[in-house]
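Heads up: numbering here begins at 1 and tracks the sequence.
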Amino acid sequence: MPLRFSPSVRVTIGLMSLAMTLLLFMDLVLGVFPSQEKMQLQARQHLAESMSVQLATMLSQDDQRNIPAVVNELVKRNPDLRSIGVRMSSGELIASSANHLSSWTTHDSTEVGRSRFIVPMAPAARIGSPKDSRWGQIEFAFKPLDDSTLGSIFNTPSFKLIGLFGISAGVMYYIYLRRTFQHLDPSSAVPERVQMAFDALSEAVLVVDNQSRIVMANDTFVRLSREHREVLIGKDPSSFRWLTQSQSDEHDTPPWQECMNGKSAVHGNAYEALHDEDLRRLIVNCSPVLDARDAVRGCMVSFSDVTEIEEANQQLVVLMTELAHSKEQLQDQNVALQKLASSDPMTGALNRRAFFPLLEGMFNNARATHTPMSFVMCDIDKFKSINDVFGHPVGDKVIQKFSSIILRSVRDTDEVCRYGGEEFCIALGNTDVDQAMQFAERVRQTVETEVGFSLQLEGRPFITASFGVSSISHNAPSAAALIEQADQALYVSKNSGRNQCTIFAPEMAKQEEAEEKSADDATEERRAALKTRFQQEKDKLEKSGA
Ligand SMILES: Nc1nc2c(ncn2[C@@H]2O[C@H](COP(=O)(O)OP(=O)(O)OP(=O)(O)O)[C@@H](O)[C@H]2O)c(=O)[nH]1
């Protein structure tokens, strides 16, 4: 995990570096700090001169015997000093420390005044003598000065001084900045209680300033971002690579900017937060933060995680689709069931129970709307003999063929019913009596030409049907009366030789009544005759008995 510093530490390091750079620059240009080398050279110079005075004094006092001992003692006591040699002007080395010859042999003129010092000698007694004004010289060999290792640099007083200054300044900067940043740090501008309240929210919440920089991020947003809170503060939410607008809902302007531009809330923008494989779907809502003068100070942005809800919605859509599909299947099955319950399984025509309510509805509607309506009753001629000659299975086929001819001849608005064994009836909506007659005649002809032929039997049987037609124009008071009228017309067709169509006429009703009456009268006559005969027989028996 990368090391993160607080803003106070970061600014402190910056200021410290700046101050130390400034000091180094001043030292370089103005020489503020004393040079250690210079001081060291001055010290060597003084040492060489004071020793020279001491040795010259000894020479002038002809105390030459003690000089080697003094020289060795001086070298021993000064660790910086390597050797001392006392050389006469003739070049003769009259006294020296133990190692002087080896350390003085190479003559490097650049080292004179640095690691080599030569102090001329002139005994006090002879000072001022022009001929022999110089006895010789005292040679001092010091350790080399050019010790420029890193350790020696760190060891210089100027470096130590700058370092000390830098550290103490840094400590002071840090203490000062921490106090100052408590007021200037945008994140600490949000009162602690407010921050705590935001942290308690399950929604991710940001507060941005009017430059779209984050000044507050609650705990949920910090978790969502997978960043440190300090890293988030001061950034524009649009700069986060992990936070993007949903492709389905892309806008040029981020919603918080749009909210601040319009000074009004912006709701429902779709965003996505993607970390590795983890994709969260978010809905962004923004509310502007206005000051007392109605100027925009910032914006409060909330991110609602709707990932689970969307997944549940998708599952719901799938379930709803399946449910709708099941409903459709159920409806189809219901229709099929209803059809089974309302139709005759052998022919597909309606059964009586389903047909009568429909007929009543059509009848009432026609009467109410003053539109025509007709009814046809039809029956296969001599059907009993078909059964007798060809057998019942062939009879069934004849019924099926007869019904299929009727069903394919009607319109969707018409209703066909298997009224009895080989008897069918048809309710024709919006059809007057002439049109109904044309319809019946058309079906009759088709039956005549197709049914017998369809049986594919030898000696092609001639199969026909008879038709009776009624219409509400004949003032039937009810649907049942309409059926009765068609039945009377059918009766006429049957009695008139079959294979024909007959329209109901009011006389048919009278004729039937008359027939019924004559039938009743005949019965009454027979009953009276029988009664008379019975009485006669009875009288006969009484007489013979008497
Ligand atoms: N094969 C078969 N026969 C049936 C069916 N339903 C009724 N029948 C027979 O149809 C015959 C009807 O005959 P009837 O109504 O007496 O009269 P018909 O022979 O058609 O003569 P008309 O109607 O006077 O021309 C009866 O013999 C019934 O047994 C059925 O579903 N299949």
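Evaluation of the salt bridge (charged side-chain N to carboxylate O under 4.0 Å, His left out) test over residues 325-348, restricted to residues two or more places apart or in two chains, returns Asp344-Arg418. Sorted by first and then second residue, the pairs that involve residues 297-330 and meet ring pair (Phe, Tyr, Trp, His ring centres under 6.0 Å), not counting sequence neighbours, are Phe221-Phe303.
Cation-pi geometry between Arg352 and Tyr419 is met: under 6.0 angstrom from the ring centre, within 45 degrees of the axis.
Closest of all the heavy-atom pairs between Leu232 and Ser225 is CD1-OG, 3.6 Å. Closest approach of Leu407 to Gly348, counting heavy atoms only: CD1-C, 4.4 Å. Considering every non-hydrogen atom in both Ala217 and Leu206, the closest pair reads CB-CD2, 3.6 Å. Of all non-hydrogen atoms in Met260 and Cys299, the two that sit nearest each other are CG-CB, 3.7 Å. Annotation for Gly170 and Thr12: closest pair O-CG2, 3.2 Å, computed over non-hydrogen atoms. Residues His267 and Ala265 approach most closely at NE2-CB, 3.6 Å, considering heavy atoms.
Using modelled atom types, one side-chain atom of Ser478 and one backbone atom of Ala481 make a donor-acceptor pair closer than 3.5 Å. Ser470 places a side-chain N or O within donor-acceptor distance of the main-chain N or O of Leu482, the cut-off being under 3.5 Å. Using modelled atom types, one side-chain atom of Asn218 and one backbone atom of Glu203 make a donor-acceptor pair closer than 3.5 Å. Not one N or O on the side chain of Ser343 forms a donor-acceptor pair closer than 3.5 Å with the backbone of Leu350. Using modelled atom types, no side-chain atom of Thr371 and backbone atom of Asn430 make a donor-acceptor pair closer than 3.5 Å. Of the possible donor and acceptor atoms, none in the side chain of Arg353 sits under 3.5 Å from a partner among the backbone N and O of Ser342. The backbone N or O of Leu74 lies less than 3.5 Å from a partner atom in the side chain of Asn78, making a donor-acceptor pair. Although no hydrogens or angles enter the test, the distance criterion places no donor-acceptor pair under 3.5 Å between the side chain of Lys263 and the main chain of Ala295. Judged by distance alone, with hydrogens and angles left aside, the side-chain atoms of Asp276 form no donor-acceptor pair with the main-chain N or O of Asp278 at under 3.5 Å. Within the 3.5 Å criterion, the main-chain N or O of Val306 finds no donor-acceptor partner in the side chain of Ser304.
When only modelled atom types and interatomic distance are considered, Gln257 and Ser212 share a side-chain donor-acceptor pair under 3.5 Å. His100 and Glu139 share a donor-acceptor pair across their side chains, judged by distance under 3.5 Å alone. Between the side chains of Gln333 and Gln329, no donor-acceptor pair is found at a separation under 3.5 Å. Side-chain polar atoms of Glu311 and Gln315 form no donor-acceptor pair below 3.5 angstrom. For the residue pair Gln195/Asp199, the side-chain donor-acceptor check at 3.5 Å is satisfied. A donor-acceptor contact closer than 3.5 angstrom is absent between the side chains of Thr347 and Gln400.
Annotation: the span from Asp414 atom CG to Leu358 atom CG amounts to 12.0 Å, rounded to 0.5 Å. Here Ile405 contributes atom CD1 and Arg442 contributes atom CZ; the two are 12.5 Å apart, rounded to the nearest 0.5 Å. Note that CD1 of Ile283 is 7.5 Å distant from CG of Asn285, once rounded to the nearest 0.5 Å. Note that CZ of Phe402 is 12.5 Å distant from CD of Glu450, once rounded to the nearest 0.5 Å. Here OG of Ser246 is found 6.5 Å from CZ of Arg281. Values are rounded to the nearest 0.5 Å. For the atom pair CG of Leu47 and CZ of Arg44, the computed distance is 9.5 Å after rounding to the nearest 0.5 Å.
The shortest distance between side-chain heavy atoms of Thr244 and Leu274 does not fall below 4.5 Å. Looking at Phe355 and Glu415, their side chains come closer than 4.5 Å, going by heavy atoms from C-beta outward. By the 4.5 Å heavy-atom criterion applied to side chains, Met216 and Phe198 are counted as neighbours. Inter-residue side-chain proximity for Glu322 and Val318 is flagged as met; some heavy-atom pair is nearer than 4.5 Å.
Using a cut-off of 4.0 Å between Lys/Arg side-chain N and Asp/Glu carboxylate O, Glu272 and Arg280 are scored as not salt-bridged.
Partners of Phe356 according to the ring-ring contact (aromatic ring centres under 6.0 Å, His included) rule, which considers only residues two or more places apart in sequence or in another chain, do not exist here.
No more than 12 heavy atoms of other residues, nucleotides or ligands sit less than 6.0 Å from atom CE of Met26.
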